[in-house]
Amino acid sequence: MKQNQINLTNLDRMFDDLADHHWAVASEVFSEDFCLALAQECQNLHSAGALNKASIGHSATKTVNAEIRGDFTLWLEQDTGSDLQKQFLAQLEVLRQKLNENFYLGLQRFESHFALYPPGGGYDKHIDNHRGSGARRITFILYLNAHWQKGDGGELSLYSPEDENLLLAQVQPRLGTFVLFRSDLFPHQVEKSHSPRLSLTGWFRNDAS
Ligand SMILES: O=C(O)CCC(=O)C(=O)O
Ligand SMILES: [Fe+2]
C-alpha cells in the first residue's frame, strides 16, 4: 500500500487559501487512479444496497427527510472497511496532522462517509457545525464523478459567512475535485442533481473543546 497519495504541493496551495479565505478548492490533490477506484467502490457498494438513506437532526428527533437531504451514505470504518477505504483513511490521517501543523486546530479525529445522491437529490442550505457548538472543525469533500457535465446539476453552492444569501462559489462535483472549508462558517447547499452524484465527505474534529 502506498503511504502517501496526497500531492503535497497542491495541498500546500489549498492551505494558503484556507488560511486566507477559510475555504479552498483544488483538483489533483489525490491521483486520478485513486479517485477512480474510490468511485467504483462507492458505485459497487450502492448497487449492493450497502448505502443507507441519510437522516437529519439529533438522535431524539432523527427523521429521514428527502426534502432536506437526498443522499445515501456509508460511514468508513477502520476495522471493517476494504483495503482501499483503509488507504483513504490513512490519507485523512496525513491530512489531519498537516492541518494541525498549519492551523493549530487540535484535531483529534475525523469521520468520513461515502455519499450518493440519486437523480433528483440535493441537500438544502445548512451549516455543518451550527453556531460552532459541535466538534466538527473542517469539512472536506472529494468528488467522484468521472463524466460530470455542466447540465448534470449537483453543484456545491457556497455562501458567505456574513450573508447567507451571498453566493461565493459553485463547485462542480467532478472526479478529483477536493474542497475544504471551516465547518462552523459557511452556509452551503447541494443543488439538485440530475445524474447519480458520488462523493466522499467528512469532518476533522476537535472533541476536547
Ligand atoms: O457533497 C457536497 O457537496 C456537500 C455535502 C454536505 O454538505 C454534507 O454532507 O454536509
Ligand atoms: Fe454540509
Side-chain angles (χ1 to χ4, degrees), residues 1-15 17-18 22-46 50-51 54 69 71-78 81-99 107 109-117 121-123 128 136-149 152-158 169-183 186 188-191 193 195-205:
M1 186 191 294
K2 258 206 256 170
Q3 276 300 314
N4 176 33
Q5 290 275 356
I6 298 178
N7 179 320
L8 294 175
T9 309
N10 291 346
L11 185 68
D12 275 348
R13 284 204 203 106
M14 274 191 108
F15 278 7
D17 285 342
L18 197 58
H22 307 301
W23 74 279
V25 58
S27 53
E28 297 176 21
V29 171
F30 298 95
S31 75
E32 190 178 356
D33 285 353
F34 189 50
C35 293
L36 280 169
L38 288 165
Q40 189 66 59
E41 179 142 329
C42 180
Q43 188 58 63
N44 291 348
L45 285 164
H46 188 56
L51 274 63
R69 172 167 193 184
D71 56 336
F72 289 75
T73 61
L74 177 70
W75 291 99
L76 304 191
E77 304 286 351
Q78 186 62 51
S82 66
D83 282 352
L84 184 66
Q85 288 177 36
K86 286 181 186 146
Q87 206 172 336
F88 182 67
L89 291 172
Q91 304 316 298
L92 293 181
E93 175 56 21
V94 172
L95 207 50
R96 182 188 72 81
Q97 289 172 20
K98 297 235 166 269
L99 283 165
L107 304 166
R109 64 187 194 93
F110 50 81
E111 56 199 343
S112 177
H113 62 54
F114 280 117
L116 190 148
Y117 292 75
Y123 194 156
D128 288 345
R136 291 174 172 177
R137 292 288 182 274
I138 300 282
T139 301
F140 75 83
I141 311 148
L142 175 64
Y143 296 106
L144 301 176
N145 306 292
H147 305 292
W148 203 261
Q149 291 174 2
D152 290 338
E155 298 88 355
L156 169 69
S157 297
L158 207 63
Q170 283 200 310
V171 180
Q172 305 279 332
R174 292 215 176 86
L175 186 88
T177 297
F178 186 55
V179 178
L180 290 170
F181 58 84
R182 278 262 305 269
S183 306
F186 292 92
H188 58 283
Q189 163 170 334
V190 177
E191 304 299 336
S193 182
S195 293
R197 177 193 192 271
L198 283 56
S199 59
L200 276 159
T201 312
W203 298 271
F204 293 96
R205 301 172 57 106

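These numbers come from a predicted model, not from an experiment.
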Heavy-atom closest pair, residues [X] and [Y]:
X	Y	result
Ala169	Trp23	CB-CH2, 3.6 Å
Pro173	Gly154	CG-O, 3.5 Å
Ser199	Tyr143	CB-CD2, 4.0 Å

Between atom [atom1] of [X] and atom [atom2] of [Y], what is the distance when rounded to the nearest 0.5 Å?
X	Y	atom1	atom2	result
Leu45	Thr73	CG	OG1	12.0 Å
Leu18	Leu99	CG	CG	7.0 Å
Arg174	Gln149	CZ	CD	8.5 Å
Leu198	Leu116	CG	CG	4.0 Å
Ser31	Leu36	OG	CG	8.5 Å

We want to know whether [X] and [Y] form a side-chain donor-acceptor pair, criterion being a heavy-atom distance below 3.5 angstrom.
X	Y	answer
Thr177	Gln172	no
Thr139	Ser183	yes
Asp152	His147	no
Ser157	Gln170	yes

TODO: Examine Arg136 relative to Trp203 and say whether NZ or CZ is less than 6.0 Å from the centre of the six-membered ring and inside a 45° cone about the ring axis.
DONE: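 Because its charged atom sits under 6.0 Å from the ring centre and within 45° of the axis, Arg136 does stack over Trp203.
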TODO: Report yes or no: is the cationic atom of Arg197 (NZ for Lys, CZ for Arg) closer than 6.0 Å to the six-membered ring centre of Tyr117, at no more than 45° off its axis?
DONE: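 Satisfied, under 6.0 Å and within 45°.
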Test item: [X] and [Y] side chains (from C-beta on) under 4.5 Å apart, heavy atoms:
X	Y	answer
His188	Val171	no
Cys35	Glu32	no
Lys86	Gln78	yes
Phe110	Ile138	no
Leu107	Arg205	no
Glu111	Trp75	yes
Leu180	Asp17	no
Leu156	Ile141	yes

Open item on the list: Using a 6.0 Å cut-off, check whether atom CD of Glu28 has over 12 heavy atoms from anything other than its own residue.
Closed with: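 Atom CD in Glu28 is not crowded, with 12 or fewer foreign heavy atoms closer than 6.0 Å.
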Open item on the list: When you measure from the side chain of Asn145 to the backbone of Trp148, do you find a donor-acceptor pair of N or O atoms at a distance under 3.5 Å?
Closed with: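 Looks like no, no N/O pair under 3.5 Å.
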Task: side-chain contact (heavy atoms from CB on, under 4.5 Å) between Gln85 and Leu76, intermediate numbers included - done: CA-CA 7 Å; Gln85 288 177 36; Leu76 304 191; 3.5 Å; yes
- [ ] Just say parallel, tilted or perpendicular for the rings of Phe30 and Phe88, cut-offs at 30° and 60°.
- [x] tilted
Open item on the list: Parallel, tilted or perpendicular: which one describes the rings of Phe140 and Phe204, with boundaries at 30° and 60°?
Closed with: tilted
Task: Audit row: Gln87, Gln91, side-chain hydrogen bond (donor to acceptor under 3.5 Å, both in side chains) steps and yes/no - done: CA-CA 6 Å; Gln87 206 172 336; Gln91 304 316 298; over 6 Å; no
TODO: Taking the six-membered ring for Trp and the single ring otherwise, decide whether the centroids of Phe181 and His22 are under 6.0 Å apart.
DONE: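 They do not qualify: ring centres at least 6.0 Å apart.
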- [ ] Evaluate the criterion side-chain contact (heavy atoms from CB on, under 4.5 Å) for residue pair Ser27 and Phe178; output intermediate values, then yes/no.
- [x] CA-CA 6 Å; Ser27 53; Phe178 186 55; over 6 Å; no
Open item on the list: Go through it in stages, so that I can follow the logic: the residues are Lys98 and Leu8, the test is side-chain contact (heavy atoms from CB on, under 4.5 Å), and I'd like the CA-CA distance, side-chain angles, deciding distance and then a yes or no.
Closed with: CA-CA 10 Å; Lys98 297 235 166 269; Leu8 294 175; 3.6 Å; yes
